[in-house]
K.L.:
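My questions will all concern the structure given below.
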Number of protein chains: 2
Amino acid sequence: MKDEKPTSFDIAHLAGVSQPTVSRALRNSPLVSEETREKIQAIAKKLNYQVDINARNLRSKETKTLALLLCEDPGTDDSLINPFFLSMLGSITRASGKMGYDLLISFQQQSGDWNADYENAHRADGIIFLGYGDYITYMEKIAHLDRMGAHFITWGPVLAKQPGHFIGCDNLNSAYLSIKHLTDLGHKKIAFLGIASEHRPEFNQRYQGYVKALLEAGLIVNPKLQIDADTSEEMGYEATIELLKGKLQFDAIFGASDLIAIGAIKALQEHGKRVPEDVAVVGFDNIPTASYTNPPLTTVQQDTKLAGELLVDNILKLIRGEDVSSILMPAKLIIRDSCGAHLP
Amino acid sequence: MKDEKPTSFDIAHLAGVSQPTVSRALRNSPLVSEETREKIQAIAKKLNYQVDINARNLRSKETKTLALLLCEDPGTDDSLINPFFLSMLGSITRASGKMGYDLLISFQQQSGDWNADYENAHRADGIIFLGYGDYITYMEKIAHLDRMGAHFITWGPVLAKQPGHFIGCDNLNSAYLSIKHLTDLGHKKIAFLGIASEHRPEFNQRYQGYVKALLEAGLIVNPKLQIDADTSEEMGYEATIELLKGKLQFDAIFGASDLIAIGAIKALQEHGKRVPEDVAVVGFDNIPTASYTNPPLTTVQQDTKLAGELLVDNILKLIRGEDVSSILMPAKLIIRDSCGAHLP
DNA sequence: TTAACCAATGAATACGTATGTATTATGGGG
DNA sequence: CCCCATAATACATACGTATTCATTGGTTAA
């Protein structure tokens with residue numbers, strides 16, 4: 001800036017009072033008389049005065065800032081972000097702004113040194129994690145933060161034993177609903193595209209929902225109909241190719257994320273399979289693209305707006321020292337054309 | 001945090017040196033002997049010491065932080081963000097991280113009081129604006145910041161007389177290429193969906209490209225084929241309905257953004273028009289969804305990754321006091337099925 | 001031998017705010 | 001008329017770092 005920024009001393013001088021009085025007046029302290037406060041605030045406005053955030057933070061030991069750490073896989077393409085997380089990001093940004101907090105965002109490679117964390121450096125009052133990638137690796141870092149007594153909250157799978165606090169989708173029941181929809185329509189050989197291991201608990205929970213729905217419909221669970229695939233169109237595509245190459249029959253595919261399902265549709269159509277006539281497909285996330293695929297994708301919608309608000313509300317509670325517990329968020333099935341009508 | 005954070009004094013005490021020596025050692029100052037530096041750094045590591053960012057910023061008067069202000073229309077839906085800007089956001093985040101800067105993000109209503117800006121409050125060293133909405137209103141705020149000597153850079157339309165520095169797409173030539181593609185295919189009655197006024201210079205530039213291409217192809221420009229539409233699927237849909245209701249013939253639509261084009265395709269198909277057989281459609285932005293519409297959308301791709309890097313590079317130059325000039329970025333046409341083959 | 005010099009470090013201080021404590025003025029109750 | 005409570009303000013200081021200036025001890029050159 002061209003002209004030197006005015007300080008509280010400048011205002012004090014102009015108002016004929018002391019600096020502490022200015023500090024108090026600007027924060028509407030009851031210790032200052034109304035008359036003085038008005039005079040000071042008028043001068044501050046005229047000078048276009050803004051509190052120096054660093055000085056305030058240094059003194060008061062809080063920052064009114066939240067950090068959002070988006071943890072990515074090492075291999076992630078430089079310019080792509082999972083659209084689902086983008087949606088969460090938007091919602092978190094708004095929610096924190098509404099609560100008077102600034103938001104610092106940072107993308108972290110999972111392998112990176114983000115244990116040199118923000119809060120420790122007084123940079124943020126709390127941290128929101130939005131992570132994907134390997135759960136086990138991830139938990140080590142989380143556990144470390146927890147031991148240090150950091151304020152943080154995580155979007156992710158809610159499990160029985162976890163350090164810290166989580167907010168996450170009710171993956172099991174949401175997947176269950178999707179699969180039940182398929183079995184209700186008469187599908188009997190349903191493939192699961194997604195990694196089902198402890199390294200990807202969200203997917204694992206969805207797999208459990210898949211199993212539950214199959215058993216409930218009196219169908220057998222064939223492990224060969226589960227193909228590993230991570231969240232990307234390419235992985236979904238390749239997993240489907242693998243499925244097509246195998247000799248197993250299948251009449252439906254559950255993609256553990258929309259990107260996987262979209263890749264699956266592409267692979268199916270390129271190999272002469274019609275969707276949904278030959279193979280029905282359902283996804284998970286309801287990313288914006290899901291309603292534009294051909295056919296439009298039946299999928300599970302997570303309420304990202306609510307999720308973002310809850311993440312912010314809860315991290316603020318933690319900062320205030322209040323107690324919070326993990327939250328499991330219900331999701332709902334959005335039925336579109338990709339799973340067709342009841343089979344004959 | 002549970003245990004009190006260690007300060008440079010703690011380290012100094014343990015190392016048997018003074019605090020300034022610690023400060024210097026941790027920043028690898030040549031004023032400190034190698035032996036001392038190593039000892040100090042070892043202790044710092046053991047204590048898990050992190051510099052207090054607020055104290056450092058207060059003292060050194062810089063923050064190593066950039067602010068990203070995303071300016072929205074007043075009416076914007078709470079949870080939706082234009083996918084194009086999300087892509088920019090991702091790219092800017094990465095670029096600033098790579099340069100060692102943190103990124104503070106904030107969504108601002110255009111009517112809001114974001115002139116009480118971050119830099120003034122020592123919160124960021126510079127500001128990147130990612131704005132849409134009314135250009136005139138917007139410029140007033142920009143001009144004010146410029147008068148105050150703030151460091152900022154803006155993504156937006158590059159015009160002849162502007163305060164501050166801009167980076168933006170070469171809208172005119174990009175739109176020209178799209179329209180030329182349509183005229184080359186034999187289309188003669190091409191509608192323009194988008195606001196063509198000084199309040200939306202990006203669209204206005206695209207309109208000029210549209211006019212240029214038409215004239216060059218020896219076609220007449222019919223103002224009634226230009227329908228106002230802002231960037232949203234709904235607006236594109238409604239504008240197309242308006243077009244369909246009029247008596248004018250048209251064989252192609254240029255949507256000034258992908259969302260507009262997507263809304264147009266929906267409206268056309270709902271009214272029995274085939275795309276591209278009856279009406280060809282092209283868009284602008286190449287948002288992720290564009291390749292999944294039915295038919296896939298021919299559109300203009302902007303290099304958001306490069307744009308993000310340039311924005312960050314240039315704001316850092318401004319912060320360092322170096323000179324920068326506005327940049328016009330070329331875009332390229334992505335040809336998909338929505339404009340079909342050459343007309344008979 | 002001594003002055004000059006350099007490397008390494010310490011001492012003192014500034015950055016701008018917020019807050020605990022001391023001070024002054026004012027008014028009311030006895 | 002005096003004492004005490006209260007309101008309003010000033011004074012002094014802490015927050016943790018970075019930087020300027022002063023100091024020390026050792027080395028080199030004349």
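Note that the coordinates shown come from a computational prediction; the quantities given were computed from them, not determined experimentally. Heavy-atom basis, side chains included; hydrogens, waters and symmetry copies ignored. Below, read A as the first sequence line, B as the second, and so on, with proteins coming before strands; counting in each chain starts at 1.
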K.L.:
A:K5 has an atom NZ; how far is it from atom C1' of C:dC15, in whole Å?
P.N.:
12 Å
K.L.:
Just by modelled atom types, is the A:D125 backbone N or O under 3.5 Å from a matching donor or acceptor in the A:E62 side chain?
P.N.:
no
K.L.:
Answer yes or no: side-chain N or O of A:Q19 and base N or O of D:dA10 forming a donor-acceptor pair under 3.5 Å.
P.N.:
no
K.L.:
Rounded to the nearest 0.5 Å, what separates atom CG in A:L130 from atom CD1 in A:I153?
P.N.:
11.5 Å
K.L.:
Between the base of D:dA14 and the side chain of A:R59, is one N or O donor paired with an acceptor at under 3.5 angstrom?
P.N.:
yes
K.L.:
Please list residues of residues 24-41 of chain A whose heavy atoms come under 4.0 Å from any atom in DNA chain D, ordered by number; otherwise none.
P.N.:
A:R24, A:L31, A:V32, A:S33, A:T36
K.L.:
Atom CG of residue position A:D323 - does it have more than 12 heavy atoms of other residues, nucleotides or ligands inside 6.0 Å?
P.N.:
no
K.L.:
Looking across every strand, which nucleic acid part, if any, lies under 4.0 Å from B:S23 by heavy atom: base, sugar-phosphate, or nothing?
P.N.:
base
K.L.:
Rounded to whole Å, how long is the line connecting atom CD of B:E62 with atom P of D:dT17?
P.N.:
16 Å
K.L.:
Over all strands shown, is A:V22 touching base, sugar-phosphate only, or nothing at heavy-atom distances under 4.0 angstrom?
P.N.:
nothing
K.L.:
Check whether B:T65 reaches the backbone of B:T63 with its side chain - one donor and one acceptor, N or O, closer than 3.5 Å.
P.N.:
yes
K.L.:
What is the distance from CZ of A:F9 to C1' of D:dC11, rounded to the nearest Å?
P.N.:
11 Å
K.L.:
To the nearest Å, how far apart are A:N54 CG and C:dA14 C1'?
P.N.:
15 Å
K.L.:
So, does A:Y49 get its side chain near the phosphate of C:dT17, meaning an N or O under 4.0 Å from OP1 or OP2?
P.N.:
yes
K.L.:
Are A:V312 and A:I128 close enough that some pair of their side-chain heavy atoms sits under 4.5 Å apart?
P.N.:
yes
K.L.:
For B:E38 and B:S33, indicate whether the former's side chain and the latter's backbone hold a donor-acceptor pair under 3.5 Å.
P.N.:
no
K.L.:
Does CD belonging to B:E322 count more than 12 external heavy atoms closer than 6.0 Å?
P.N.:
yes
K.L.:
Does a donor on one side chain sit under 3.5 Å from an acceptor on the other, for A:R37 and A:S29?
P.N.:
no
K.L.:
Has B:E35 got more than 12 heavy atoms of other residues, nucleotides or ligands less than 6.0 Å from its CD?
P.N.:
no
K.L.:
If I take atom CZ in residue A:R123 and atom P in nucleotide D:dC15, what distance separates them, rounded to the nearest angstrom?
P.N.:
22 Å
K.L.:
Can you tell me how far C1' of C:dC15 sits from CG of A:D10, to the nearest Å?
P.N.:
13 Å
K.L.:
Over its full length, what angle do the end axes of the helix from C:dT1-D:dA30 to C:dG30-D:dC1 make, each axis taken from five pairs and the result rounded to 10 degrees?
P.N.:
60°
K.L.:
Looking at the side chain of B:S8, which of D:dT17, D:dA10, D:dA12 is the nearest nucleotide?
P.N.:
D:dT17
K.L.:
For B:T21 and for B:L58, locate the closest nucleotide of DNA chain D by heavy-atom distance; then report the residue assigned to the nucleotide nearer the 5' terminus.
P.N.:
B:L58
K.L.:
Please tell me if B:K61 has a side-chain N or O lying less than 4.0 Å from either OP1 or OP2 of D:dA18.
P.N.:
no
K.L.:
Please report, rounded to the nearest Å, how far the C1' atom of C:dT9 is from the NE2 atom of B:H13.
P.N.:
17 Å
K.L.:
Please state how far atom CG in B:D52 lies from atom C1' in C:dC15, giving the value in whole angstrom units.
P.N.:
13 Å
K.L.:
Would you say A:M88 and A:L311 make side-chain contact, with heavy atoms under 4.5 Å?
P.N.:
yes
